[in-house]
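Here's the structure we're looking at; comments come further down.
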Amino acid sequence: MKSVLNRWRTDIFKTIAGITDRGIRNTWDKIQTRIRRSNSKRHIKKEVFRIPIVKTEPILPVSKRISVVIPTKNAGTAFTFLLEKIRRQAGFKTIEILIVDSGSTDDTLQIGKHFDAKILPIRPFSFNHGLARNRGADYATGDFLFFITQDALPASDTCMYQMIQAMERDIKIAAVSARQIPRSDADLFGCWQLWHYYHKVLEIKDDEVFQATPHEIDRMNGRQKRKIGQIDNVFCCIRKDLFDRYRFNPLPYAEDLDLGLRFLSDGFKLAFLSSVGVIHSHNRSPSYYFKRSYVDIKQILRLLNEKTIDWKKEGFRTPEMLLSHLYFFYLKMKCMDEILDSCPIHDPNEPVLKRFAERLNQNFIPNPAKLEESLDELFAAVFPEIRFPKSVDDSHWRLLYNQYMELFGSFIEFVSPHIILENRRKDLVSSLYKLFAVVAGSNIGNMEVYCSAREIQHLLFKNLDKECSIGI
């Protein structure tokens, strides 16, 4: 009671002081304002927070047995997280884990044994992506086979259950693949690469099931075949009885796409679940992308029976001629330094990338210089006799420039809405070199297939084949 009287006394003194300082009119306005505020509070309904009830489909234990096959080599301590995630997958009474190891010297095998995994060693020099997975499948006892890479991580504890449910709803589905999600530490290029693959190459946004007759497949172009036939060995599920009949072929690359096309040709279906995610990405050097795109294009062209570029018609008479033009292109990328110095990046709408593209297309002769360390080392190791072209024909330049600009346009589309580039300058420059590496590697691979079809042997390809067999 005493405190209330003190508060009233204080208010009266303040009111008298206000009248003295500001006059009766001003004080009366303030009193009315306070009265209005007090009245308005009476009409404000107290907000009630209702916690929404999320209804999910019940997870009933699956009666079928499942086996998980993981090829490994020095998977590192993070391998523990993958095995823990597999063991936590809901809906299964037991999960069999088979590790096909090609000579790990770290704690990979000890980690596997801790999780009661079956260890299947193979010789490192005999490793092949398809054959390693075949060996794991030979020892698997499950009704369904899951293939996952050592550095991937299912995004939830129901991923495997959801994939099995999709196959149980349609017995004609031979295999199901999940969508890759970049890791939290993924670089700019790694994030763009997955976005580009799903939005531009496969053009998949939702869960889809693919089916086609052999006649329809024969009439498709390479991109269409790749879209409907892709099984993703990063994380996929295949019926064990069907896998035992078909198995992976011993290909150096794209063994999963090859299997998918064989399934489709025999009347089965393939499913891709955008709603199921697997966390997986890499932060690689530009030279890695050079090697990978070189290996990728050779296998894809042969597997999909695609035509190569008519290099003779384009005016590239020899592999050296193509290489020298690519090297010229590479050295011109040094102009990125002057663009960045003259136009600081602080806004994604700043025309930095467009200015780079315009400058790249201008007619100037670059000075030979070291640009990107990993690419400099690759050029020195594989192409020691590389030379500037004596002259750069506009049609030759245009072919390479247009290929680069196609990927560059996709990159801008991805970057502009999402990335504030001020703190990503180094990441941005590295990404531009990686775009070049993809274009360069795929062009040289394309020419190798072109030359091979005409029985033209060249030392350049032998050197690159040897270099690319390491670490891809």
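The CG atom of L270 sits 7.5 Å away from the OG atom of S177 when rounded to the nearest 0.5 Å.
For Y327 and F383, the distance between ring centers is not under 6.0 angstrom. Centroid-to-centroid, the aromatic rings of F248 and F243 come within less than 6.0 Å. When ring centroids are compared, F235 and H280 stay outside the 6.0 Å threshold. In this structure, F436 has its ring center closer than 6.0 angstrom to the ring center of F329.
Checked by atom type, the side-chain pair Q193/H282 shows no donor-acceptor distance below 3.5 Å.
The shortest side-chain heavy-atom distance between R133 and P71 falls under the 4.5 Å cut-off. F144 places a side-chain heavy atom less than 4.5 Å from the side chain of E168. Inter-residue side-chain proximity for H458 and P319 is flagged as met; some heavy-atom pair is nearer than 4.5 Å.
Of the possible polar contacts, none joining the Q89 side chain to the I86 backbone as a donor-acceptor pair under 3.5 Å is found. Between the side chain of Y288 and the backbone N or O of S374, no donor-acceptor pair lies under 3.5 Å. Of the possible donor and acceptor atoms, none in the side chain of S430 sits under 3.5 Å from a partner among the backbone N and O of K426. Checking side-chain atoms of K332 against main-chain N and O of L360 turns up a donor-acceptor pair under 3.5 Å. No donor-acceptor distance shorter than 3.5 angstrom exists from the side chain of N446 to the backbone of S442, with no hydrogens or angles considered. Proximity of a side-chain donor or acceptor of T72 to a complementary backbone N or O of Q150 within less than 3.5 Å is not detected. Side chain of R262 to backbone of Y246: a donor-acceptor contact under 3.5 angstrom is found. Under a 3.5 Å cut-off, the side chain of D106 and the backbone N or O of G76 do form a donor-acceptor pair. At distances below 3.5 Å, not a single donor-acceptor pair connects side-chain atoms of N134 with backbone N or O atoms of R247. A donor-acceptor pair under 3.5 Å is absent between the side-chain atoms of N249 and the main chain of G130, judged by distance alone.
The nearest pair of heavy atoms linking I238 to A175 is CG1-CB, 3.8 Å. Considering every non-hydrogen atom in both W311 and M447, the closest pair reads NE1-CA, 3.3 Å. Nearest heavy-atom pair across S274 and D206 is OG-O, 3.3 Å.
Remark: R87 fails to qualify as a cation-pi partner of F115 under the 6.0 Å distance and 45° angle criteria applied to the six-membered ring. Annotation: cation-pi pair R239/F263 absent, no NZ/CZ under 6.0 Å from the ring centroid and within 45° of its normal.
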_ring pair (Phe, Tyr, Trp, His ring centres under 6.0 Å) between F272 and Y198, worked out_ = CA-CA 11 Å; F272 178 86; Y198 292 123; 5.6 Å; yes
*Can you list the steps and then say if D256 with H129 is a side-chain hydrogen bond (donor to acceptor under 3.5 Å, both in side chains)?*
CA-CA 9 Å; D256 42 8; H129 288 286; over 6 Å; no
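Atom CD of E84 has more than 12 neighbouring heavy atoms from other residues, nucleotides or ligands inside a 6.0 Å radius. N402 CG: more than 12 foreign heavy atoms inside a 6.0 Å radius.
Scored by the side-chain hydrogen bond (donor to acceptor under 3.5 Å, both in side chains) test, N361 finds W397, R398 as partners (sequence neighbours excluded). With sequence neighbours left out, R183 forms a side-chain contact (heavy atoms from CB on, under 4.5 Å) with D185, I279, S281.
Ion pairing between a basic and an acidic side chain is recognised when a charged N comes within 4.0 Å of a carboxylate O; K225 and E306 show no such pairing. A salt bridge is absent between D101 and K73; no separation between the charged side-chain nitrogens and carboxylate oxygens falls under 4.0 Å. The pair D207-R169 does not count as a salt bridge, with every side-chain nitrogen at least 4.0 angstrom from each carboxylate oxygen.
The aromatic rings of Y404 and F356 lie perpendicular to each other, with more than 60° between the two planes, well past the 30° mark. Between Y330 and F379, the ring planes lie tilted relative to each other; the angle falls in the 30° to 60° range. Using cut-offs of 30° and 60° for the angle between ring planes, the F414 and W195 rings count as tilted. Taking the six-membered ring where tryptophan is involved, the planes of Y161 and F92 are perpendicular, since the angle between them exceeds 60° and thus also 30°.
Of the residues listed (T158, V176, I173), the one engaging M163 in a side chain to side chain contact (heavy atoms under 4.5 Å, CB included) is V176, and it is the only one.
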